[in-house]
Amino acid sequence: MARPIQPETKKLIAFSDCDPFRHLNNARYIDYFLDARETHIEEAYGISLVEWASKGRSWVVTQNQLAYLRPAVYRETIMLVSRLIDYSTTTLKVEMLMMDEVRSHIKAVYWAGFTHIGLADGKKAVHPEDFMTLLEEIRYSEEDMETGFFEKRLLQIKQSAAALPR
């Protein structure tokens, strides 16, 4: 059975995560994205961050790029979709979309860069060979997809309905 390339999660926007205007607080977007990605990798790929850490390895976030396109509001159900768009022997680049529940509007686009590290020394660590095989299997791509420059990719997403997972 093929593994999903774009796992997804529904989430209800909580009151405690909103600003006085009932919009999701800007700082909470990253929390929502990272929590969803943790759920995605566990449910879709069987990777537990706790188990990974027990083997002395983990990932640290080394880069965040986030574009707020439309507000997410209190009591709204949103869809969070994540996809691996690039990787190396020591890094991962994940693209995530926050959309309304029916996927008619993109609310935010997020790129997170992760570096694989050894927990004992805090230094870069090479991904195991079997993990590299998994990364190749689940890598998301589109024709002429921009993975190097966030602003260019954001423009692609805005211009193409094909970027929305269906």
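Any value given below was found using the heavy atoms of this structure, including those in side chains, with hydrogens, waters and symmetry copies removed. Numbers here simply count residues along the sequence, with the first being 1.
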Report task. Indicate if Leu80 and Ile47 have the same hydrophobic cluster label, given that clusters are the connected sets of ILVMFWY residues with side-chain heavy-atom separations under 4.5 angstrom. Result -> yes
Query raised in the report: Do you reckon Leu97 sits in the same ILVMFWY cluster as Trp111, going by side-chain contacts under 4.5 Å, direct or chained?
Result: yes
Query - Partner residues of Lys10 under the salt bridge (Lys or Arg N to Asp or Glu O under 4.0 Å) criterion, sequence neighbours left out - result: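 Lys10 satisfies salt bridge (Lys or Arg N to Asp or Glu O under 4.0 Å) with Glu101 only.
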Query raised in the report: Listed by chain and number, what are the salt bridge (Lys or Arg N to Asp or Glu O under 4.0 Å) partners of Asp31, not counting sequence neighbours?
Result: Arg28
Taking C-beta and beyond as the side chain, do [X] and [Y] meet within less than 4.5 Å on heavy atoms?
{"X": "Ser82", "Y": "Phe33", "answer": "no"}
{"X": "Leu135", "Y": "Glu137", "answer": "no"}
{"X": "Asn25", "Y": "Asp17", "answer": "no"}
{"X": "Ile30", "Y": "Leu66", "answer": "yes"}
{"X": "Gln159", "Y": "Leu155", "answer": "yes"}

Report task. Kindly indicate, with the supporting measurements, whether the criterion side chain to side chain contact (heavy atoms under 4.5 Å, CB included) is fulfilled by Thr9 and His40. Result -> CA-CA 8 Å; Thr9 301; His40 295 168; 2.6 Å; yes
Report task. Carefully, step by step, assess Lys93 and Leu84 under the rule side chain to side chain contact (heavy atoms under 4.5 Å, CB included). Result -> CA-CA 6 Å; Lys93 185 184 284 185; Leu84 175 73; 5.7 Å; no
Nearest atoms (heavy-atom pairs only) where [X] meets [Y]:
{"X": "Leu154", "Y": "Ala67", "result": "CD2-CB, 3.5 Å"}
{"X": "Lys107", "Y": "Pro71", "result": "NZ-O, 2.9 Å"}
{"X": "Ile78", "Y": "Ala72", "result": "CG2-CB, 4.4 Å"}
{"X": "Gly118", "Y": "Arg57", "result": "CA-CD, 4.1 Å"}

Query raised in the report: Taking only residues two or more places apart in sequence, or in another chain, which ones meet Ala53 in a side-chain contact (heavy atoms from CB on, under 4.5 Å)?
Result: Leu119
Query - Check ion pair Arg153-Glu142 (N to O, under 4.0 angstrom) - result: yes
Query raised in the report: Below 4.0 angstrom, N of the basic side chain to O of the carboxylate: do Glu8 and Arg103 qualify?
Result: yes
Report task. Name all residues meeting the ring-ring contact (aromatic ring centres under 6.0 Å, His included) criterion together with Phe131; count only those two or more places apart in sequence or in a different chain, and write none if there are none. Result -> Trp52, Trp59, His127
Query raised in the report: Just one of Met98, Lys158, Met99 clears the side-chain contact (heavy atoms from CB on, under 4.5 Å) bar with Leu69, so which one?
Result: Lys158
Heavy-atom donor-acceptor pair, [X] side chain to [Y] backbone, under 3.5 Å:
{"X": "Glu76", "Y": "Val73", "result": "yes"}
{"X": "His116", "Y": "Thr90", "result": "no"}
{"X": "Ser104", "Y": "Asp100", "result": "no"}

Query raised in the report: Would Thr89 and Met132 satisfy side chain to side chain contact (heavy atoms under 4.5 Å, CB included), going step by step from the backbone distance to the final call?
Result: CA-CA 7 Å; Thr89 58; Met132 293 295 291; 4.1 Å; yes
Just jot down the side-chain hydrogen bond (donor to acceptor under 3.5 Å, both in side chains) partners of [X], sequence neighbours excluded, or say none.
{"X": "Tyr29", "value": "none"}
{"X": "Lys11", "value": "none"}
{"X": "Ser88", "value": "Thr91"}

**Report entry** side chain to side chain donor-acceptor pair (under 3.5 Å): pairs with one or both residues in residues 62-72, sequence neighbours excluded
**Finding:** Thr62-Thr115, Asn64-Tyr110, Arg70-His105
**Report entry** Pairs satisfying ring-ring contact (aromatic ring centres under 6.0 Å, His included), at least one member in residues 78-101, at least two apart
**Finding:**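 Passing the test, one end in residues 78-101: no pairs.
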Query raised in the report: With a cutoff of under 4.5 Å between side-chain heavy atoms, which Ile, Leu, Val, Met, Phe, Trp and Tyr residues group with Phe21?
Result: none
Query raised in the report: So which residues get pulled into Tyr74's cluster when ILVMFWY side chains under 4.5 Å apart are joined, directly or through others?
Result: Phe15
For residues 143-150, please give each side-chain donor-acceptor pair under 3.5 Å, one per line with the distance, not counting sequence neighbours.
residue: Glu146; atom: OE2; partner: Gly148; partner atom: N; Å: 2.9
residue: Glu146; atom: OE2; partner: Phe149; partner atom: N; Å: 3.0

**Report entry** Test log, rule side chain to side chain contact (heavy atoms under 4.5 Å, CB included), inputs Ile85 and Ser141
**Finding:** CA-CA 7 Å; Ile85 61 168; Ser141 66; over 6 Å; no
